[in-house]
Trainee: 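The structure follows.
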There are 2 protein chains.
Amino acid sequence: MLPENTRRSLPMALLHAREAVMARFRPMLAAHDVTEQQWRVLRVLSEAGPVEATELADRASVLPPSLTRIIKALEGRKFITRNKAEGDGRRVVLTIAPAGSALIDALSPERRVIYDDIEQRFGHEKLEQLLDLLESLIDGES
Amino acid sequence: MLPENTRRSLPMALLHAREAVMARFRPMLAAHDVTEQQWRVLRVLSEAGPVEATELADRASVLPPSLTRIIKALEGRKFITRNKAEGDGRRVVLTIAPAGSALIDALSPERRVIYDDIEQRFGHEKLEQLLDLLESLIDGES
DNA sequence: CGCATGTAATTAACGCGTTAACTACAACAA
DNA sequence: TTGTTGTAGTTAACGCGTTAATTACATGCG
């Protein structure tokens, strides 16, 4: 059955929900002049150590063309370093730099506060339930 | 508590879920050379009749600057018409044109099939549950 | 070796999201 | 009427998503 109104449309609901959640994080990122995607890339590099570009794009949920641009921006600000892989001239290895780690450390507490607040307002049970449903939806469609 | 892995992160989950759902609709829209946002604007105009730009942007969940670009594109293809409102030289009234209605009619059946398929695979109950949770999340954060 | 095929990354082109600035017009008060 | 304030819409600038094309290198086959 087609959704009768746009508010009960799944794509719309997902769009609005993400928008509502991200609105809480955006000011924090903007204050440090980092985009949401740059932040995801930095987090992956911080947690996973040196990683090749393809895996980084996959983990950070960023498309390869976007990753190329993000790498340029982050490298220009000395947040990461970019090197060719030994033994394969095509591959590129990215590593977080001290300035990048410093940014992660600076923002993590604030990030935790925001996430906790969302979880508290929405409810722990409902959050787990929502995450389960989303995971199921993703697996079913992919 | 911070999400330990990115797969259980709410922003990520919402992003992936929407991506998974939209992947089903994208080929249909691409085949007719219409973007997702242009499609939303057309649908609103089709269902609600002539509407002013501000209300249209709100209903279609598109920001004003984007709407300006979308209007240009749709007007250029004769899908909609654009007129100044009587009595207020600032306001703009958008109306769907025959070619626009024809596109709506042409795509609606296919859209229904895709939506039904998603609902069947995911489950009617779970879909309703998910929509309820998303609505609650949106209301709680906004 | 030489050539075809495959893969990693980049570039290009276009549209939208986002924020801020700007234009045009309306409403209202002095 | 004039000047101020407010509103609707547009423009600008920058970054990302998306798709397709392109470059650089690796692999494998003859």
Side-chain angles (χ1 to χ4, degrees), chain A residues 11-12 14-16 18-42 51-58 60-77 82-94, chain B residues 11-12 14-16 18-42 51-58 60-77 79-80 82-94:
Chain A
M12 282 286 195
L14 291 168
L15 179 65
H16 287 157
R18 181 171 160 72
E19 192 179 319
V21 171
M22 286 315 301
R24 309 288 295 270
F25 290 98
R26 232 185 296 273
M28 170 187 89
L29 298 174
H32 291 79
D33 203 29
V34 187
T35 69
E36 184 193 331
Q37 290 80 357
Q38 290 172 357
W39 174 247
R40 287 210 302 266
V41 167
L42 279 178
V51 167
E52 291 181 4
T54 298
E55 187 184 346
L56 178 56
D58 188 56
S61 297
V62 163
L63 293 176
S66 297
L67 184 59
T68 296
R69 293 181 293 226
I70 292 168
I71 288 173
K72 274 183 199 162
L74 294 179
E75 201 184 6
R77 293 172 68 183
R82 178 185 176 285
N83 296 292
K84 291 207 170 187
E86 302 176 24
D88 192 333
R90 297 168 300 180
R91 297 168 188 272
V92 170
V93 176
L94 292 316
Chain B
M12 282 287 194
L14 291 169
L15 179 65
H16 286 158
R18 180 169 161 74
E19 191 180 318
V21 171
M22 285 316 301
R24 308 289 294 271
F25 290 98
R26 232 184 296 274
M28 171 187 90
L29 298 174
H32 291 80
D33 203 28
V34 188
T35 69
E36 185 193 331
Q37 290 80 356
Q38 290 171 357
W39 174 246
R40 288 211 301 266
V41 167
L42 280 178
V51 168
E52 290 180 5
T54 298
E55 185 184 346
L56 178 56
D58 188 54
S61 297
V62 163
L63 293 175
S66 298
L67 183 60
T68 295
R69 293 180 294 227
I70 292 169
I71 287 172
K72 273 184 199 162
L74 294 179
E75 201 185 7
R77 293 171 69 182
F79 286 161
I80 66 174
R82 177 185 177 286
N83 296 292
K84 290 206 171 188
E86 303 177 23
D88 191 333
R90 296 168 301 181
R91 297 169 189 273
V92 170
V93 176
L94 293 316

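Side chains are part of it too, since the values below use all heavy atoms of this structure and drop only hydrogens, waters and symmetry mates. Letters A, B, ... are given to chains in the order of the sequence lines, protein chains preceding strands, and every chain is numbered from 1.
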Trainee: Do any side-chain atoms of residues 60-70 of chain B form donor-acceptor pairs under 3.5 angstrom with protein atoms, and if so which ones, sequence neighbours left out?
Mentor:
unit_1  : atom_1 : unit_2  : atom_2 : d
B:Ser61 : OG     : A:His16 : NE2    : 2.6
B:Ser66 : OG     : B:Arg69 : NH2    : 3.2
B:Thr68 : OG1    : B:Pro64 : O      : 3.3

Trainee: Any chance you could measure B:Ile71, atom CD1, to B:Leu56, atom CG, to the nearest 0.5 Å?
Mentor: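 That separation rounds to 6.5 Å.
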
Trainee: Once rounded to the nearest 0.5 Å, what's the spacing between atom CG of A:Leu42 and atom CZ of A:Arg77?
Mentor: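 If we round to the nearest 0.5 Å, A:Leu42:CG and A:Arg77:CZ are 9.0 Å apart.
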
Trainee: For residues 22-34 of chain A, dump all side-chain donor-acceptor pairs below 3.5 Å to protein atoms at least two apart in sequence or in another chain.
Mentor:
unit_1  : atom_1 : unit_2   : atom_2 : d
A:Arg24 : NH1    : B:Glu141 : OE1    : 2.2
A:Arg24 : NH2    : A:Asp117 : OD2    : 2.2
A:His32 : ND1    : A:Met28  : O      : 3.2

Trainee: Quick test: give all pairs of protein nitrogen or oxygen and nucleotides 4-7 of chain C nitrogen or oxygen below 3.5 Å, distance rounded to 0.1 Å.
Mentor:
unit_1 : atom_1 : unit_2  : atom_2 : d
C:dG6  : N2     : A:Arg90 : NH1    : 2.8
C:dT7  : O2     : A:Arg90 : NH1    : 3.1

Trainee: Can you check whether A:Thr35's main-chain N or O pairs, donor with acceptor, with A:Gln38's side chain at less than 3.5 Å?
Mentor: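 Yes.
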
Trainee: Which sits closer to the 5' end of DNA chain D, B:Asp88 or A:Asp88, going by the nucleotide each is nearest to?
Mentor: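 That would be B:Asp88.
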
Trainee: My understanding is that only residues two or more places apart in sequence, or in another chain, count here; which of them pass side-chain contact (heavy atoms from CB on, under 4.5 Å) with A:Asn83?
Mentor: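 Only A:Thr81 meet the side-chain contact (heavy atoms from CB on, under 4.5 Å) criterion with A:Asn83.
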
Trainee: Side chains of A:Leu14 and B:Leu14: does their closest heavy-atom pair fall under 4.5 Å?
Mentor: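 A side-chain contact under 4.5 Å exists here.
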
Trainee: Going 5' to 3' along DNA chain D, which nucleotides are the first and last within contact of chain A (any atom under 4.0 Å from a heavy atom)?
Mentor: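 Contact boundaries, 5' end first: D:dG15 to D:dA26.
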
Trainee: Where along residues 61-74 of chain B does a heavy atom fall under 4.0 Å from DNA chain D?
Mentor: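 The answer is B:Pro64, B:Pro65, B:Thr68, B:Arg69, B:Lys72.
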
Trainee: To the nearest 0.5 Å, what is the distance between CE on B:Met12 and CZ on A:Arg18?
Mentor: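 Here the interatomic distance stands at 8.0 Å.
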
Trainee: Could you tell me whether A:Glu36 contacts a base, only the sugar-phosphate backbone, or nothing, with contacts defined as non-hydrogen atoms closer than 4.0 Å?
Mentor: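 No contact at all - A:Glu36 keeps every heavy atom at 4.0 Å or more from the nucleic acid.
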
Trainee: Please tell me which of A:Arg26 and A:Arg82 maps to the more 5' nucleotide of DNA chain C, matching each residue to the nucleotide holding its nearest heavy atom.
Mentor: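 Counting from the 5' end, the first nearest nucleotide belongs to A:Arg82.
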
Trainee: Could you tell me the separation between the NZ atom of B:Lys84 and the CZ atom of B:Arg82, rounded to the nearest 0.5 Å?
Mentor: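 Between B:Lys84 NZ and B:Arg82 CZ, I get 7.5 Å after rounding to 0.5 Å.
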
Trainee: Go through the steps for B:Leu15 and A:Arg40 under the test side-chain contact (heavy atoms from CB on, under 4.5 Å), then give the verdict.
Mentor: CA-CA 13 Å; B:Leu15 179 65; A:Arg40 287 210 302 266; 3.9 Å; yes

Trainee: Would you classify B:Arg18 as touching base, sugar-phosphate or nothing, given that sugar-phosphate means primed atoms plus P, OP1 and OP2, and contacts are heavy atoms under 4.0 Å?
Mentor: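 B:Arg18: no heavy atom of the nucleic acid under 4.0 Å.
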
